[in-house]
Structure formats: structure tokens, C-alpha cells
Engineer: 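I have a structure I would like to understand better, so I am pasting it below and will then ask my questions one at a time.
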Amino acid sequence: MYWVKTGKSNYQLVVLPLHGRGNKGGEGAGVKVIGYEKPKDPKMAWKTHLIDESMHLTHNMAMMPLGNQAAETVFIAGKEGVKSFIFGDNKWKRAQEPSPIQGQSLGELSLAKTTGAASIQAAIEPMHGNQVTVYLGPSGQLNPENLKRTVIDESLKEGHGIVTGDFLGTGTIQIVAGWRMPNADGKIGIKLYEPIDAAYTSFREYWIDENGMAMESLTAADLNGDGKLDLIAAGRATNNLKIYWNRR
């Protein structure tokens with residue numbers, strides 16, 4: 001669940017379940033994605049908004065303001081690909097047709113914009129999958145024909161977290177992803193992928209954590225206020241929580 005900006009000064013707590021009630025193997029009832037609107041007194045009942053119930057296995061979501069809109073667009077990743085929604089006229093609606101990524105089962109998703117204003121959608125495919133992918137397109141353009149897909153790593157096993165940002169201070173967007181089960185080399189951990197061309201089609205990779213993190217969750221934030229993004233990861237099988245301080 002994340003706080004999502006729904007206007008100039010308004011937010012909703014958007015909650016994304018894994019599957020619909022009674023759903024078996026991705027079949028049956030759809031996932032009820034719900035936005036909770038906080039009242040002035042948070043102890044009172046919160047107004048709820050049904051955002052969507054058309055997807056059947058979902059795993060992660062990301063948000064980004066598009067164009068000059070005050071509200072953020074929410075992108076939901078799952079079995080049916082990615083669907084996007086925005087709040088306006090006191091209701092949630094599809095942000096744009098068609099969906100930005102169709103026919104691709106996604107488990108993790110992160111969004112960013114390059115210094116050249118291109119939009120980046122980094123993903124782990126399929127759900128709990130082995131691939132780190134990046135989709136590059138013009139800023140604010142969601143149509144599939146405007147997105148170029150590049151597979152940058154296929155060595156993960158049960159990928160379970162992805163974030164984007166300029167962690168190296170190079171002016172480019174890097175991708176950090178991790179996985180939770182030993183891969184073909186018997187390794188778990190977290191890697192950083194740095195683009196080496198302006199088109200974001202070639203990357204070099206670096207280990208952030210080699211064999212010390214069976215990652216279940218990953219996020220990025222500037223924890224000490226030094227202007228550099230740090231990484232926070234949690235591992236279930238390794239029973240640990242780590243902060244990776246950015247010392248560049």
C-alpha cells in the first residue's frame with residue numbers, strides 16, 4: 001500500500017491485494033484495488049473508492065505524475081500486464097487506453113524519468129520471474145507502440161523487488177533489483193544495473209549484496225538527508241533487514 005496524490009493537496013491510501021477473495025491460481029474473483037480517503041479525524045470511518053477489480057493476480061504498483069496533472073497516475077503490475085488509473089471528478093478511472101504493457105506478466109514495477117524527459121518503466125518479468133526488463137518511451141506516452149523493451153538480465157530466480165534512481169550521481173537512471181531463491185549459480189542477492197548508452201539498451205551490472213539477502217521487499221530513500229538515495233531491503237529466508245548507505 002502507498003499514499004497516492006489525488007489532487008493538489010489530497011491523498012488516498014491505495015491498497016493492492018495479491019488476488020481476489022476466493023481466487024484460485026489466478027482464476028475467479030478479481031483483485032479489489034481500493035483507495036482509502038483519510039477524514040480530518042483519522043479515528044472516524046474512512047471513505048473508500050473502488051479503483052479496479054479486473055485483474056486476477058497482482059503484485060506491485062508504482063505511481064508518477066504525468067504531464068501537468070496534479071494527481072499521480074497509479075500503475076498496477078500483475079498477471080495481465082500493467083494497467084493505469086488516475087483520480088478525477090471524485091472517482092478513479094483508467095488513465096489511458098490501451099494499457100502501457102500488454103500481454104506481459106509482471107511482478108515488480110518501478111517508474112522514472114530520464115534527464116531527457118523520456119519515461120522508464122523497469123520491471124521483473126514474469127511474476128516471481130527471472131528477467132529484469134526496461135521499457136523506454138517518450139515522457140507521458142503510455143501506448144505500447146511507443147515503448148521499447150530491453151531485457152537486461154535473465155539470471156534471477158524469484159525476483160522480488162525493483163527500484164530506479166540516480167544512485168551513482170551520473171545523471172542517468174540506474175535500476176536496482178533483487179531475488180530470493182538461489183539461481184543457476186547458487187546465488188541470491190541484489191544487483192545494480194547502470195546504462196552505458198543513451199538509449200538505455202546496454203547495461204553494466206554491479207553487486208549490491210551477493211548471497212546476503214534473500215529479498216522480499218526493496219525500497220529507496222534518502223535516509224540521512226545527504227541528497228543521495230540509500231537502499232532498504234528485507235529478506236524473509238535470510239531473516240534480515242538491511243540499509244545500504246550510499247557512500248559514492
Engineer: Is it the case that the side chain of Asn183 and the backbone of Leu156 share a donor-acceptor pair, with hydrogens and angles ignored and the cut-off at 3.5 Å?
Structural biologist: no

Engineer: Verify whether one side chain among His56 and His19 offers a donor that lies under 3.5 Å from an acceptor in the other.
Structural biologist: no

Engineer: Flag the pair Arg21 and Glu53 as a salt bridge only when some basic side-chain nitrogen lies within less than 4.0 angstrom of an acidic carboxylate oxygen.
Structural biologist: no

Engineer: Do any N or O atoms from the side chain of Asp230 and from the backbone of Asn246 form a donor-acceptor pair under 3.5 angstrom?
Structural biologist: yes

Engineer: Considering all heavy atoms of both residues, which atom of Leu218 and which atom of Leu231 are nearest to each other, and what is their separation?
Structural biologist: CD1-CD2, 4.3 Å

Engineer: Decide side-chain contact (heavy atoms from CB on, under 4.5 Å) for Ile175 and Leu192; before the verdict, give the C-alpha distance in whole Å, the side-chain angles of both, and the deciding distance to 0.1 Å.
Structural biologist: CA-CA 6 Å; Ile175 299 166; Leu192 181 145; over 6 Å; no

Engineer: Could you state the interatomic distance from OG (Ser155) to CH2 (Trp179), rounded to the nearest 0.5 Å?
Structural biologist: 5.0 Å

Engineer: Ring centres of Trp92 and Phe87 under 6.0 Å apart?
Structural biologist: yes

Engineer: Write down the atom of Ala95, the atom of Ile86, and the distance for their closest heavy-atom approach.
Structural biologist: CA-CG2, 4.1 Å

Engineer: Going through the checks in order, is the side-chain contact (heavy atoms from CB on, under 4.5 Å) test met by His59 and Leu18?
Structural biologist: CA-CA 6 Å; His59 203 262; Leu18 290 173; 4.0 Å; yes

Engineer: Hey, are Glu72 and Lys5 close enough for a salt bridge, meaning a charged N less than 4.0 Å from a carboxylate O?
Structural biologist: no

Engineer: What I want to check is whether the side chains of Gln131 and Asp153 have a donor and an acceptor closer together than 3.5 Å.
Structural biologist: no

Engineer: Could you check Met64 against Lys113 for side-chain contact (heavy atoms from CB on, under 4.5 Å), going step by step and ending with a plain yes or no?
Structural biologist: CA-CA 9 Å; Met64 175 186 283; Lys113 291 181 181 178; 3.6 Å; yes

Engineer: Does one side chain, of Thr172 or Gln174, offer a donor that lies under 3.5 Å from an acceptor on the other?
Structural biologist: yes

Engineer: Starting from Val163, can I reach Tyr193 by hopping between I/L/V/M/F/W/Y residues whose side chains sit under 4.5 Å apart?
Structural biologist: no

Engineer: Regarding Gln12 and Tyr36, do their side chains bring together a donor and an acceptor under 3.5 Å, going by distance alone?
Structural biologist: no

Engineer: Would you check if the side chain of Lys228 reaches a backbone N or O of Arg248 as a donor-acceptor pair within less than 3.5 Å?
Structural biologist: yes

Engineer: Side chains of Thr201 and Asp197: any donor to acceptor distance under 3.5 Å?
Structural biologist: yes

Engineer: Passes side-chain contact (heavy atoms from CB on, under 4.5 Å), Val31 versus Leu16? Steps please.
Structural biologist: CA-CA 8 Å; Val31 176; Leu16 179 69; 4.3 Å; yes

Engineer: Any side-chain heavy atom of Val134 sitting closer than 4.5 Å to one from Gln121?
Structural biologist: no

Engineer: Quiz question: by atom type and distance under 3.5 Å, do the side chains of Asp209 and Tyr244 form a donor-acceptor pair?
Structural biologist: yes

Engineer: Under 3.5 Å, side chain of Thr73 to main-chain N/O of Phe85, donor-acceptor pair present?
Structural biologist: no

Engineer: Centre of Trp207's six-membered ring, under 6.0 Å away, within 45 degrees of the axis: is that where NZ or CZ of Lys191 sits?
Structural biologist: yes

Engineer: Evaluate the side-chain proximity of Leu223 to Trp245: yes if any heavy-atom separation is below 4.5 Å, no if none is.
Structural biologist: yes

Engineer: Do Met63 and Ile76 belong to the same hydrophobic cluster, where Ile, Leu, Val, Met, Phe, Trp and Tyr are linked whenever their side-chain heavy atoms lie under 4.5 Å apart, directly or via other members?
Structural biologist: yes

Engineer: Report yes or no: does Thr150 contribute a side-chain atom to a donor-acceptor pair with the main-chain N or O of Ser202 at less than 3.5 Å?
Structural biologist: no

Engineer: If hydrophobic clusters are built by linking Ile, Leu, Val, Met, Phe, Trp and Tyr wherever their side-chain heavy atoms come under 4.5 Å apart, do Val15 and Tyr11 end up in the same one?
Structural biologist: yes

Engineer: Which heavy atom in Phe167 sits nearest to a heavy atom in Thr164, and how many Å separate them?
Structural biologist: CE1-C, 3.8 Å

Engineer: Would Arg204 and Glu194 satisfy salt bridge (charged side-chain N to carboxylate O under 4.0 Å, His left out), going step by step from the backbone distance to the final call?
Structural biologist: CA-CA 5 Å; Arg204 62 170 63 94; Glu194 178 190 11; 3.3 Å; yes

Engineer: Do Ile124 and Tyr200 sit in one hydrophobic cluster, given that two such residues count as connected whenever their side-chain heavy atoms are within less than 4.5 Å of each other, even indirectly?
Structural biologist: yes

Engineer: Within the structure provided, determine whether Leu111 and Ile120 are in side-chain contact (heavy-atom separation under 4.5 Å).
Structural biologist: no

Engineer: Indicate the atoms forming the closest heavy-atom contact of Ala233 with Ile190, along with that distance.
Structural biologist: CB-CD1, 3.8 Å

Engineer: Once rounded to the nearest 0.5 Å, what's the spacing between atom CD of Glu216 and atom CG of Asn240?
Structural biologist: 10.5 Å

Engineer: Taking atom NZ of Lys32 as the centre, does the number of heavy atoms from other residues, nucleotides or ligands within less than 6.0 Å exceed 12?
Structural biologist: no

Engineer: To the nearest 0.5 Å, how far apart are OG1 in Thr114 and CG in Leu136?
Structural biologist: 6.5 Å

Engineer: Are the side chains of Phe203 and Ile196 in touch, meaning some heavy atoms are under 4.5 Å apart?
Structural biologist: no

Engineer: Atom NZ of residue position Lys242 - does it have more than 12 heavy atoms of other residues, nucleotides or ligands inside 6.0 Å?
Structural biologist: yes

Engineer: Please tell me if the side chains of Val14 and Met1 come closer than 4.5 Å, counting only heavy atoms from C-beta onward.
Structural biologist: no

Engineer: Ring-plane angle category for Trp46 and Trp3, please: parallel below 30°, perpendicular beyond 60°, tilted otherwise.
Structural biologist: tilted

Engineer: With no hydrogens and no angle check, just 3.5 Å: does a side-chain donor-acceptor pair link Lys83 and Ser54?
Structural biologist: yes

Engineer: Would you tell me whether Asn130 and Glu154 have side-chain atoms, one donor and one acceptor, within less than 3.5 Å of each other?
Structural biologist: no

Engineer: Atom OG in Ser119, atom CD1 in Ile173: separation rounded to 0.5 Å?
Structural biologist: 11.5 Å

Engineer: Closest heavy-atom contact between Ala177 and Ile162?
Structural biologist: CB-CG1, 4.1 Å

Engineer: Would you check if Glu125 and Ser105 make a side-chain contact, meaning some heavy-atom pair closer than 4.5 Å?
Structural biologist: no

Engineer: If you define the side chain from C-beta out and look only at heavy atoms, does anything of Val151 sit under 4.5 Å from Val132?
Structural biologist: no

Engineer: Linking I/L/V/M/F/W/Y whenever any side-chain heavy atoms sit under 4.5 Å apart, do Met61 and Val4 land together?
Structural biologist: yes

Engineer: Considering all heavy atoms of both residues, which atom of Ile34 and which atom of Ile51 are nearest to each other, and what is their separation?
Structural biologist: C-CD1, 4.0 Å

Engineer: Would you say that His49 contacts Glu37 through its side chain, given a criterion of any heavy-atom pair below 4.5 Å between the two side chains?
Structural biologist: yes

Engineer: Roughly how far apart are Asn211 CG and Thr238 OG1, rounded to 0.5 Å?
Structural biologist: 10.5 Å

